Amino acid sequence: MKKHLTTNKKLTEWVDKMAKLCGPQRIVWIDGSAEQKLILENESVDSKELIRLNQDKLPDCFLHRTAHDDVARTEHLTFICTKKKRDAGPNNNWMSPAAAYRKAKAIFKNAMAKRTMYVIPFSMGPVGSPFSKIGVELTDSRYVVLNMLKMTRCGNEVLRQLEKDNDFTKCLHSKAQLDIKKRLILHFPEDNAIWSVGSGYGGNVLLGKKCLSLRIASYIARKEKWMAEHMLIMGIEEPNGHVEYIAAAFPSACGKTNLAMLIPPEGLKNKGYRIWTVGDDIAWMRVDSDGSLWAVNPESGFFGVAPGTNSKSNPNMVETIKKNTIYTNVLLKPDNSVWWEGADGQVPDQGIDWKGHPWKPDTLDAEGKVIKGAHPNARFTTPISNCPSASFRIEQHHGVPISAIVFGGRREHVAPLVYESFNWQHGVFVGATMGSELTAAQVGKIGQVRRDPMAMLPFCGYNMAEYFKHWLNMGKLMAKPPKIFHVNWFRTDAQGKFLWPGFCENLRVLEWILDRCNNKVDARKTPIGYLPYPSDIDMTGLALEEDAIESLLKVNKEEWLEELKGINKFFNDFKKDLPAELRNEYKALLERLKKDDK
Ligand code: OXD
Ligand code: MN
């Protein structure tokens, strides 16, 4: 493999120092070439880290299985390590940098013995864009390298950029023994560094993603006056050919990826709508000289959840993952292709499950539960360039202008299908009080609301009270701030049946949102914000139950008064740090609800 190109002393000295700590047998610099990718794939197949899938059906596709206890992000082992505990806030686990380095060093010591240390220079955002940030990840996992090649721009072009930029996030990862008792995901915002050890699961080890692009980036963004958010970015091409962009934040399992690449339902497609996908998970946003907010997706791939992905939920993703994709923890079929619960087609009559065991449908485990073929958090990693709806703006250094910010959660009651905030400050309150109900898939009482402000609770790299202040301040920097909305696709009727069909039909709501942004429709003023008149949501080709749209757009005063009690409790966690503006918004909403006698 080729030698590296860098003259960046800060980088070479750091690589030497980390190599001394981890004791690898050799060091390989990732150059981003197709030849090197092929070598790594072949080596991974030989070492059984990857299984080559049926190349006729799934060209350039591979399967990887993680350790059984290493299948999701481990939030309780994830820490923000700042000198002062207050800087991490009540929303984060905290460790002092000294204690964290000491603990982690003991695990990293010679952890890469007899292994290769790969040096991955990567850029989050298009290389050279003023939005972008460079990181360098050191890892002893080929799986990590092959994933990073899809999820980020990496290799020699980034090293060349580093000759000019010098600064980078120092990312160190080792699988070590993949021992959950020796697993730590540590962030050192004051040192611009991330150390992750003992895991091989994407969210813990693809350090450009949640660790850099959200936790570290949110910390940097506050200082540099921009925003790093857990948001999809999508372009909506309107019948007149104009494309408007929105950014949207939903907690996990609320359909962010599906929304980002939806195909319009017949009625709207005939009108001339089309969707362009910019990103499905992360948005970096800056105020430009035109006074509006512009966004880039720092990633270049999707790391999506496989179960439930099918031609109804996400036809564009079904196309995207047919080639050049790494599947993790899905079922292997006898023909060497893959399957997961909720995939298209028939359930296979046999296969090898995500744990590597022979599998047949409807087999029960010792506790009487059906054994799954794929882990519920099984994933695919695939480049955005595979996606039929990928926006041509993805590589543009300036990103896209954002017309609307949309927050959402999973609520059976309370939140209507859509509402618009009165202004930026009220919109920040709407985002800060966002919540989702726990489902049977999560630990906790079903129906209980978990607050997840701006869907950033696990990803904000500093005190969330300061994050709210930052949002409020950003509004003041914009001459033309995006309008802020809240949506809820999950409202149910008295029998517990969903009132709204969701999926591609959600575009009907986005159409109203854009009409509001362009002052094309009036709205009904309610205590919680502006709501649509039912006739302003285009229902062409959609048959809903009678009165469903009225029920979807109802604001129930009693439910909202109850909701405010939960919000008050949540706000109290931030004590005196909570910005007065949010307290005031709380009081104003309470007043409006009390006054409202409808
Ligand atoms: C993700 C997540 O993987 O939010 O995107 O957990
Ligand atoms: Mn996410």
Side-chain angles (χ1 to χ4, degrees), residues 64 66 70-78 91-92 124 143-144 147-148 150-152 185 187 196 199-218 227-234 247-261 277-285 295 297-309 313-314 317 320-321 325-330 340 374-384 387 406-410 431 434-436 438-439 441-443 450-461:
H64 172 77
T66 64
D70 193 18
V71 290
R73 285 184 290 103
T74 36
E75 283 174 22
H76 66 292
L77 303 173
T78 300
N91 47 298
N92 281 305
M124 298 317 297
Y143 170 76
V144 167
N147 274 272
M148 288 292 281
K150 298 190 198 306
M151 296 302 296
T152 70
I185 322 297
H187 303 74
S196 162
S199 174
Y201 170 74
N204 290 335
V205 302
L206 307 178
L207 299 185
K209 194 173 178 61
K210 302 300 187 183
C211 302
L212 194 163
S213 290
L214 288 176
R215 298 196 190 97
I216 293 290
S218 60
M227 307 168 89
E229 299 299 328
H230 190 202
M231 290 180 178
L232 66 87
I233 310 168
M234 69 196 280
F250 306 128
S252 351
C254 290
K256 225 157 73 229
T257 303
N258 297 346
L259 185 67
M261 56 189 74
T277 309
V278 181
D280 78 327
D281 197 38
I282 300 176
W284 284 1
M285 305 193 285
N297 168 15
E299 302 188 283
S300 61
F302 304 122
F303 180 63
V305 177
T309 303
S313 64
N314 196 338
M317 190 58 95
T320 304
I321 58 181
T325 295
I326 300 173
Y327 293 92
T328 301
N329 291 340
V330 297
W340 48 81
H375 186 275
N377 192 34
R379 297 273 175 156
F380 46 74
T381 317
T382 195
I384 295 185
C387 179
V406 181
F407 295 121
R410 175 184 283 272
M434 230 169 97
S436 240
L438 299 181
T439 65
Q442 289 146 329
V443 185
R450 181 164 56 187
R451 301 277 153 209
D452 186 356
M454 285 85 171
M456 279 289 277
L457 192 64
F459 306 120
C460 180

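Counting convention: from 1, in listed order, for ligands and their atoms alike. Since we're looking at a predicted model, the values are computed, not measured.
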Between [X] (side chain) and [Y] (backbone), is there a donor-acceptor pair under 3.5 Å?
X      : Y      : result
Ser218 : Arg215 : yes
Thr277 : Ala260 : yes
Thr325 : Phe380 : no

Student check: side-chain heavy atoms of [X] and [Y] closer than 4.5 Å:
X      : Y      : result
Thr257 : Thr309 : no
Thr328 : Thr66  : yes
Met234 : Val278 : no
Glu229 : Ile282 : no

Quiz item: Parallel, tilted or perpendicular: which describes the rings of Tyr143 and His64, with under 30° parallel and over 60° perpendicular?
Solution: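 Tyr143 vs His64 ring planes: parallel.
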Quiz item: Would Arg379 count as a contact of ligand 1 if the rule is a heavy atom under 4.0 Å away?
Solution: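 A heavy atom of Arg379 does come that close to ligand 1.
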Self-check item: Heavy-atom gap Phe303 to ligand 1 smaller than 4.0 Å
Solution: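 Checking ligand 1 against Phe303, which is what was asked, there is no heavy-atom contact under 4.0 Å.
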Quiz prompt | Side-chain H-bond candidate by donor/acceptor type, Ser436 with Asp452, under 3.5 Å | solution =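 No, no side-chain donor-acceptor contact under 3.5 Å.
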Quiz item: Between Tyr201 and ligand 1, which residue portion shows a heavy-atom distance shorter than 4.0 Å: side chain, backbone, both, or neither?
Solution: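 Neither; no heavy atom under 4.0 Å.
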Quiz item: N/O to N/O below 3.5 Å, does that happen between Ser252 and ligand 1?
Solution: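 Among all N and O atoms of Ser252, none is under 3.5 Å from an N or O of ligand 1.
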Quiz item: Looking at atom 4 (O) of ligand 1, what's its closest protein heavy atom, distance included?
Solution: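 Here the closest protein heavy atom is Lys210 NZ, 3.1 Å.
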Practice problem: Considering only non-hydrogen protein atoms, determine which one is nearest to atom 6 (O) of ligand 1 and report residue, atom name and distance to 0.1 Å. | Solution: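 Checked against all protein heavy atoms, atom 6 (O) of ligand 1 sits closest to Arg73 NH2, 2.9 Å.
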Quiz item: With a cut-off of 4.0 Å, which atoms of ligand 1 are near a heavy atom of His230?
Solution: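 Listed by number with element, the hits are 4 (O).
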Exercise. Go through ligand 1 atom by atom and flag the ones less than 4.0 Å from a non-hydrogen atom of Asp281.
Key: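 Numbered from 1, ligand 1 contributes 5 (O).
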Practice problem: Verify side-chain contact (heavy atoms from CB on, under 4.5 Å) between Asn204 and Asp70, making sure each step is shown before the conclusion. | Solution: CA-CA 9 Å; Asn204 290 335; Asp70 193 18; 4.2 Å; yes
Practice problem: Under 2.8 Å from the Mn ion (ligand 2), how many protein N/O/S atoms do you get? Just the number, please. | Solution: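 There are 3 of them.
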